[in-house]
Structures are given as structure tokens and as C-alpha cells.
Novice: 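Before I ask anything, let me first share the structure, which is written out below as C-alpha cells.
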There are 2 protein chains.
Amino acid sequence: MSDRNRVLRLSRYKNAVLRLKSLNFVKVFSDNLADATGVTASQVRKDFSIFGISGNRRGGYNVDDLLGQLNKVLGKDKLQKLIIVGVGNIGKALLNYPGFSKSEIKIVAGFDIDHTKFAPNAEIPILPLDELTNYVKKNRIEIGIIAVPDFAAEQVFGVMAEAGIKGVFNFSPIRLPERAGIVVNNLDLETELENLIYFVNCGSGNI
Amino acid sequence: MSDRNRVLRLSRYKNAVLRLKSLNFVKVFSDNLADATGVTASQVRKDFSIFGISGNRRGGYNVDDLLGQLNKVLGKDKLQKLIIVGVGNIGKALLNYPGFSKSEIKIVAGFDIDHTKFAPNAEIPILPLDELTNYVKKNRIEIGIIAVPDFAAEQVFGVMAEAGIKGVFNFSPIRLPERAGIVVNNLDLETELENLIYFVNCGSGNI
DNA sequence: TAGATTGTTAATCGATTAACAATC
DNA sequence: TAGATTGTTAATCGATTAACAATC
């Protein structure tokens, strides 16, 4: 569980380094990154050491070098091809999400069961769900996004698992069953909002 | 930080209780909830005790009673009215998100600067950003969602803060500045995907 | 060299789990 | 009552922080 937090921090370090690079920084110190992300310098160095990311004693971290190491750990050294199932409101929003095109993340195809949504010749083709297995195997896709209504989520998860998908980003509020060899990241909007509401009402400070 | 996790678990207990209620359970034990959510029974009771949620020694927890207590902590005992700024892809998806209508969460208005999006007479009115302050004050809105492009996020945050918003759900990848009295929940899709990708490539098990 | 920063080890802090007394 | 489950206290575990030796 806290491995998750550690990797999330790594993404934030990466984003901070990108910002500093755009400010023409050539090297950064653990202290800079601590300030930029709101953690301690110890934490930064500890995180780096756990992922085998190293700098120069006395000389801090070379920005380009550090960025390379961070990107490698985060899988951003190569293009990550994803598919999405469910081309409704959320699905369409993700297909057009500008944040992905900038990074090494690309949704390469969408799947649905509604034939009015099919668009096999579009830039990002929308295909029948039946074709998912073939597509995934042929294109060696490892990661899938589930953006279907509740009642369809578990079935779609099964299809993905059978097709050989290794990681699932689940936007439905359904808790998917544990399945060997598949990592699931659940993103339940209602739960996230409940969290925010709690801290607005009762708690204090930032989450 | 781990308070966040504790509240997230509370939401999961609530969802589990709802499922068990739909199965006609009248009472549940900490052990049932532990199984349903994948934590220990000790954790369930500890979490409950920290939020002042109590059951009956020997008799477990009455489902309706427990649900009432959980809903109260999570602010689901009254309707939560939200506004959203940015009626693009993500914004539209959230306006139509079916998960909210079922729960006590309702987006009551959208704001944008693009006049082609205005729809003041729609069921959920889409209004000019200029009108946000008035609307928020008049309707005592506490929570706002930011679904605008990167470059506009910080400015919109400023407008919300001035208007008296207490909690912000931020879908932009921009890290908003700390501001006294405002809670921010950042949801950066790229970061979440990087996390998933990491565990697919290097790690193992579920996140 | 002297000074400064990393990388790592030890100390602290907090969260989770185990155990058990209270009690229905 | 006997048995079972809560609520809480104590023990454990793990993550964060502090300190410092290594070294550039």
C-alpha cells in the first residue's frame, strides 16, 4: 500500500524536475525537490535510493540524467499503448484527454457493444467488444481502461483478463475480484468526493 | 495522510454494508466487513471507534443503524451541492455521471468562459464564469470541481477561493497552491496511470 | 583542502494488528 | 449461564525522519 504512495511521489518528483528543467535548471538538489513537492529531503533521497536512482555526492542530480532515471522507473521511456472499453461520456473524455498525448501514453483503440459507436476507420478506431481479444493479442496491449456502466464492469474485466491484459484502470464503482497476474487501479469518483466532503466538513488542512 | 486512507476505508465499508443490505442482511459483524473489503476485523473496529461509530457487544452492528452512522460521517445524510468549472470533455462526463445521481451528490451548475457552451435555462445551467461568485454565495455552495485545461486551473482556483469555496476536486495536473481553509483533492490521471504502469512492469500484486 | 551534498543507517513516529477485558 | 463479539489497550510492524559517514 505504501509502495503505491512511494510511486505516486516519484511521479511528482518527475513533474517537479520537468518544471525546473523548463526553468533552465541543469542540476537539482534533494532539497529543491523537497520544496517543490512538499516532502522532506530525506524522503526524496530515501525514495531515490529504494528505486536505485543515484546522483552525485556534493553535486546534486543532473536534471536530464535524473529525468531519464525517473522516466525509466515510471515506464515513460517507451510508448505505453492502452485500450479502453466503454465509449460513453467518460470513455470519450479519456479518448480526448490532452494530458496523455503529451506523455508517453496513448489510447490506441476503443471498444463498445453499441454498434452506433463503432468507427473502425477513425484515427482511434472504435471496435466491437468481440474483437478485443484479437486486438489485444495482435498488438500486445498490456493495459486496459474500464469505463462502462456498473453492471457491465465485471464481465468486461473477465474479457480483458482472458485476452491477457496485465493492468486495469477501473473507473466503475464495482470492486473487481482479485485475479492472479493482474494489477487493478480503482478510481471511484463517488468515494473520492466523499473523502473531500469529509475533510471539508470535519477535518482541516489539505488531503 | 493516513487519515485519508481511513476515510477511504469508511466509504468502502459503507458500500459493503449497502451490498449486504440489498442481500437482506439485518446485522453485520466486523468480520463480515473485513471479508467484504479485504482488511482485518481489528482494522474495521479500530476505524469505527476512531469515528465514534458503535455497535452492540455480542450483537454486531445493525445494518440500518450502521449505515446511518457511516453516512453521517461521510456527509451523505444531506444533499451535497457542487458546481463544476470547465464544461469540456471531462466536465460534460461528470455532469452526466450516473454514480452521483444515486448518491446524495448533485452538480447544480456548470461554468465556462466559452459562450457557445452557455445554457442558463438547462436543467443544470451552464453559466459564464463571471457569475460564479454570485452563484456560490447565493446558493451557499461549498465544493467545486476544476475541469479546465492546465493553463486555466490556477486562475479558476483563485476565483473559487475568493467566492468562498471550501473544497476543490482538481482534475487538472496542476498542483494548486496551499490556501488556508480550502481542502484540495488532486486527481491527476497521468499520475494514476504511471502508478498502474509501474506495478504492471515491476511490481506485483494489487495496488 | 574545506565545504556541501549524497546515500545509508539508526531513531522516531504512526498505523495496523493482536489480544483480551467488558458485556450482551 | 456460556459463548460470542465489541471496544480498547498493548504489541508489532512499517514508513518517515534525523543524523552522519562517505566523498566529490
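Quick caveat, the model's predicted, so the values are computed rather than measured. No hydrogens, no waters, no symmetry mates; every other heavy atom, side chains included, goes into these values.
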Novice: Considering only C:dT6, D:dT5, C:dT8, which nucleotide approaches the side chain of A:Ser49 most closely?
Specialist: C:dT8

Novice: Do the side chains of A:Arg179 and A:Glu162 get close enough for a salt bridge, i.e. N-O under 4.0 angstrom?
Specialist: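 A salt bridge is present here (some side-chain N lies under 4.0 Å from a carboxylate O).
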
Novice: Just verifying a value: how many Å separate A:Ile143 CD1 and A:Phe169 CZ, rounded to the nearest 0.5 Å?
Specialist: 10.5 Å

Novice: Any salt bridge linking A:Asp64 with A:Lys21? Criterion: basic side-chain nitrogen under 4.0 Å from a carboxylate oxygen.
Specialist: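 A salt bridge links A:Asp64 with A:Lys21.
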
Novice: Check DNA chain D against residues 14-26 of chain B and give the residues with a non-hydrogen atom under 4.0 Å, in numerical order.
Specialist: none

Novice: How many whole angstroms separate atom OH of B:Tyr13 from atom P of D:dT6?
Specialist: 13 Å

Novice: May I have the distance from B:Asn32 (atom CG) to D:dT6 (atom C1'), rounded to whole angstrom?
Specialist: 14 Å

Novice: Hey, are A:Lys72 and A:Asp77 close enough for a salt bridge, meaning a charged N less than 4.0 Å from a carboxylate O?
Specialist: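 Between A:Asp77 and A:Lys72 there is no salt bridge, as every charged N stays at least 4.0 Å from the carboxylate O atoms.
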
Novice: Rounded to whole Å, please give me the gap between CG in B:Leu8 and P in C:dT16.
Specialist: 11 Å

Novice: Do A:Val7 and A:Asp3 pass the side chain to side chain contact (heavy atoms under 4.5 Å, CB included) test, and can you show the C-alpha distance, the side-chain angles, and the key distance before you say yes or no?
Specialist: CA-CA 6 Å; A:Val7 178; A:Asp3 243 9; 5.5 Å; no

Novice: Just the rounded figure in Å: distance from P of C:dA15 to CZ of B:Arg6.
Specialist: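 The distance from CZ of B:Arg6 to P of C:dA15 comes to 7 Å, rounded to the nearest Å.
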
Novice: Does B:Lys138 come within less than 4.0 Å of B:Glu131, counting only side-chain N to carboxylate O?
Specialist: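 So B:Lys138 does not pair with B:Glu131 through a salt bridge.
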
Novice: Output the rounded distance in Å from CZ (B:Phe48) to P (D:dT9).
Specialist: 19 Å

Novice: Do A:Asn186 and A:Asn170 have side-chain N/O donor and acceptor atoms under 3.5 Å apart?
Specialist: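 Yes, A:Asn170 and A:Asn186 have a side-chain donor paired with an acceptor closer than 3.5 Å.
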
Novice: Does DNA chain D take part in any stems of at least 3 consecutive Watson-Crick or G-U pairs (both distances under 3.5 Å), and if so, which ones?
Specialist: C:3-24 with D:3-24

Novice: Would you say the ring centroid of B:Tyr61 lies under 6.0 angstrom from that of B:Phe25?
Specialist: no

Novice: Without decimals, in angstroms, what is the distance between B:Leu33 CG and D:dT5 P?
Specialist: 13 Å

Novice: Which is it for A:Val44 and A:Thr40 under the side chain to side chain contact (heavy atoms under 4.5 Å, CB included) test, yes or no, and what are the steps along the way?
Specialist: CA-CA 7 Å; A:Val44 174; A:Thr40 64; over 6 Å; no

Novice: Could you run down nucleotides 17-24 of chain C 5' to 3' and tag each one B, S or - for protein heavy-atom contact under 4.0 Å?
Specialist: SBB-BBSB

Novice: Starting from P on C:dA15, measure out to CD1 on B:Ile50 and report it in whole angstrom.
Specialist: 8 Å

Novice: Distance check needed: C:dT6 P versus A:Asp47 CG, whole Å only.
Specialist: 14 Å

Novice: Could B:Glu194 and A:Lys76 be called an ion pair, given the rule that one side-chain N must be under 4.0 Å from one carboxylate O?
Specialist: yes

Novice: Do B:Phe51 and B:Tyr13 have ring centres separated by under 6.0 Å?
Specialist: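 No: the rings miss the under 6.0 Å criterion.
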
